[in-house]
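A quick write-up on the structure given underneath.
What's counted below: heavy atoms across the whole structure, side chains too, no hydrogens, waters or symmetry copies. A note on names: the letters A, B, ... follow the listed sequences, proteins ahead of strands, and every chain is numbered from 1.
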2 protein chains.
Amino acid sequence: MSGTSEKRFLARYRAEAFPRPSVAVDLVILTIVDCELRVLLVERKEHPFRGEWALPGGFLRVGAKRGDFGEDLDAAAERELREETGLSSGVYLEQLYTFGKANRDPRTRVLSVAHYALVRPDLVPLVRPGGDVGEVAWHEARRPPRLAFDHREILQTALARIRGKIDYTDIAFELVPPTFTIQELRAVHEVVKGAHQDPGNFRKRFERMVEDGLIERAPGKRLTASKPARVYRFRRE
Amino acid sequence: MSGTSEKRFLARYRAEAFPRPSVAVDLVILTIVDCELRVLLVERKEHPFRGEWALPGGFLRVGAKRGDFGEDLDAAAERELREETGLSSGVYLEQLYTFGKANRDPRTRVLSVAHYALVRPDLVPLVRPGGDVGEVAWHEARRPPRLAFDHREILQTALARIRGKIDYTDIAFELVPPTFTIQELRAVHEVVKGAHQDPGNFRKRFERMVEDGLIERAPGKRLTASKPARVYRFRRE
DNA sequence: CCAAAAGTGTTATTTATACACCCATGT
DNA sequence: ACATGGGTGTATAAATAACACTTTTGG
């Protein structure tokens, strides 16, 4: 398969012949706290956009030496997530879109391969902003402050994505604790869609998921302001 | 907004400090001919994978000089599409996914920002493979030949994408001529989903789209092997 | 007792699925 | 005349939506 002429070609290949873009991996890290969608933002310590809020992210590591090509793209996203939150597992992470307007970064040509992450509310207290950065905080995802670069557009794209996926995928379960009540799951749908969900009708959808084996009863009850509610858990296959 | 300290920072910024990946824009160009999903492939003239089939594509153009940052990512995709097919309008083009395994290209680190395009069957005869390349041909998308790089995975991803989108978007209309019969649109659904669609039931869905103003009657009839069929057209808003 | 939220039920409308059948046309 | 495929109808099941109601708890 790999003939000698191909080997010779590769040995002679000059990778530096053409200019290349930098590639950033930016993260839209979302959670729900107090029935509000929140996004994790960092304050920029350096130019450009110094002092403004931005999505956490970093550059894709590309090996410098021959034979070392660096890290996989999805590994870079996981590394960034770990660096920014301290969380290394139990977080849903998915590639979102690649943003590539030529002048989106004033420094040089930078492509942003944006990803989004969904952090369960029970993990939020464990989030430990990574070492070197300055201010890090959760903000209202729907009313973010002024954002650096095209990060506002990236955020909007992420919100549109989860809104579109919540009805036919399992992502809602990434935004509730390991055990949850019907109302808690309904609250997730309401927050993500930004629309009221009828409790009775939602219950029917919920019960269908139980029948289908997607959800199962969990022991115990959840104490609320009134009548305690039954708790369930998502059955990961 | 852009203070003098920021201007100084940008003036001093050394873009070449860290190694960068090459960024390719690869295209999954699909059409339907004779009730079969087809993908446009090119034969590689150079190493690596010389002589094997591959998705058409090329490198993102990044400006070399300061102040010239090159072309937008979506402009690059359109340019590639034009170069490979000669078609400059009337073709649906959408970003698919960015593939970034570190060793997906044996030459050097190359990210592939894959896009997919849908070419209406009436435009297929107008396709003029661009200048310099060698063999170019339509292949069965479901049974492609051996493909270079990770292009098989990219193709599969594109097929999965259109399968998932055909029921709740307008992409089916990108795979029929400007005017079409109910059966022609049904054939598109059957080919994309790979499953039989009941003619009577599909007609009901179709009629609902007519009521909703999404589709309208077009003058004339389509001659078939038997009774001539009514033709319709998609109403672009 | 009472407010609040959990949990249940009713009905109408729309949509999906399976399938039987009529009708116009070219050969 | 007849096979072919266009065009139509019917019955059932299931999903969606609007909304009224009962029950169980904490205060």
Side-chain angles (χ1 to χ4, degrees), chain A residues 32 34-36 121 163-170 172 176-177 179-233, chain B residues 32 34-35 163-170 172 176-177 179-233:
Chain A
I32 293 180
D34 298 337
C35 289
E36 255 192 17
R163 214 181 313 126
K165 286 190 84 164
I166 196 167
D167 275 323
Y168 69 102
T169 69
D170 300 334
V176 286
T179 70
F180 50 88
T181 68
I182 299 182
Q183 316 309 329
E184 284 167 359
L185 191 69
R186 180 167 63 89
V188 169
H189 276 78
E190 292 194 333
V191 170
V192 170
K193 289 195 252 196
H196 173 74
Q197 300 293 108
D198 181 275
N201 295 336
F202 188 83
R203 173 176 297 274
K204 255 173 285 186
R205 287 182 56 184
F206 193 98
E207 277 161 359
R208 221 173 303 147
M209 290 190 274
V210 174
E211 283 166 26
D212 295 347
L214 197 71
I215 298 171
E216 65 185 0
R217 252 330 266 288
K221 286 166 180 284
R222 178 86 84 251
L223 295 174
T224 71
S226 64
K227 176 177 174 181
R230 303 206 262 265
V231 295
Y232 298 83
R233 71 172 139 244
Chain B
I32 293 180
D34 298 337
C35 289
R163 216 182 310 127
K165 286 190 85 162
I166 196 168
D167 275 323
Y168 70 100
T169 69
D170 299 334
V176 287
T179 69
F180 50 88
T181 68
I182 299 183
Q183 317 309 329
E184 284 167 358
L185 191 69
R186 181 166 65 89
V188 169
H189 276 78
E190 292 193 334
V191 169
V192 170
K193 291 196 252 198
H196 173 74
Q197 300 291 109
D198 181 276
N201 295 337
F202 187 83
R203 174 175 298 271
K204 255 172 287 187
R205 287 182 55 184
F206 193 97
E207 276 162 359
R208 222 172 304 150
M209 290 191 275
V210 174
E211 282 167 27
D212 295 349
L214 197 71
I215 297 172
E216 64 185 1
R217 251 333 264 289
K221 288 168 178 284
R222 178 85 83 251
L223 295 174
T224 72
S226 64
K227 177 179 175 180
R230 302 207 262 264
V231 295
Y232 299 81
R233 73 173 136 242

Under 3.5 Å, which N/O atoms of the protein pair with N/O atoms of nucleotides 9-15 of chain C?
{"unit_1": "dT10(C)", "atom_1": "O4", "unit_2": "K204(A)", "atom_2": "NZ", "d": "3.1"}

Summarise how protein sits on nucleotides 21-27 of chain C as a single string, 5' to 3': B when a protein heavy atom is under 4.0 Å from the base, S for sugar-phosphate-only contact, - for no contact. ---BS--

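As judged by a 4.0 angstrom heavy-atom cut-off over every strand, R230(B) is placed among residues touching the sugar-phosphate backbone only.
Take the nearest nucleotide of DNA chain D for R205(A) and for I182(B): the residue whose nucleotide is more 5' is I182(B).
Using a 30° and 60° split on the angle between ring planes, Y168(A) and Y168(B) fall in the tilted class, from 30° to 60°.
To the nearest angstrom, P of dC19(C) lies 10 Å from NE2 of H196(B). In this structure, R222(A) places its CZ atom 14 Å from C1' of dA6(C), rounding to the nearest Å.
Between L185(B) and F202(B) the shortest side-chain heavy-atom distance falls below 4.5 Å. Here the side chains of Q197(B) and Q183(B) are not in contact, with every heavy-atom distance at 4.5 Å or above. Counting heavy atoms from C-beta on, the side chains of Y232(A) and T179(A) never come closer than 4.5 Å.
The C1' atoms of five pairs define one axis at each end of the helix from dC1(C)-dG27(D) to dT27(C)-dA1(D), and these two axes lie 0° apart (to 10°).
V191(A) and C35(A) make their closest contact through CG2-O, 3.3 Å (heavy atoms, listed as atom of the first residue, atom of the second, distance). For the residue pair P228(B) and L223(B), the shortest heavy atom distance occurs at CG-CD2, 4.1 Å. Contact detail for V231(B) and K221(B): the closest heavy-atom pair is CG1-C, 4.1 Å.
The side chain of R203(A) places an N or O atom within less than 4.0 Å of a non-bridging phosphate oxygen (OP1 or OP2) of dT8(C).
Note on residues 206-218 of chain A: pairs passing side chain to side chain donor-acceptor pair (under 3.5 Å), not counting sequence neighbours, are E216(A)-R233(A).
In terms of the salt bridge (Lys or Arg N to Asp or Glu O under 4.0 Å) criterion, residue partners of K193(B) (sequence neighbours excluded) are, by chain and number, D167(B).
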Set out, in order, the CA-CA distance, both residues' side-chain angles and the distance that settles side-chain contact (heavy atoms from CB on, under 4.5 Å) for H189(A) and R205(A), then state yes or no. CA-CA 12 Å; H189(A) 276 78; R205(A) 287 182 56 184; 4.1 Å; yes

Show your working on side-chain contact (heavy atoms from CB on, under 4.5 Å) between D170(B) and L214(B) and close with a plain yes or no. CA-CA 9 Å; D170(B) 299 334; L214(B) 197 71; 4.2 Å; yes

Verify side-chain contact (heavy atoms from CB on, under 4.5 Å) between R203(A) and R186(A), making sure each step is shown before the conclusion. CA-CA 9 Å; R203(A) 173 176 297 274; R186(A) 180 167 63 89; over 6 Å; no

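E190(B) contributes atom CD, which lies 10.5 Å from atom CD1 of I166(B) (distance to the nearest 0.5 angstrom).
Using a 4.0 Å cutoff to heavy atoms of chain B, the contacted part of DNA chain D runs 5' to 3' from dT4(D) to dT10(D).
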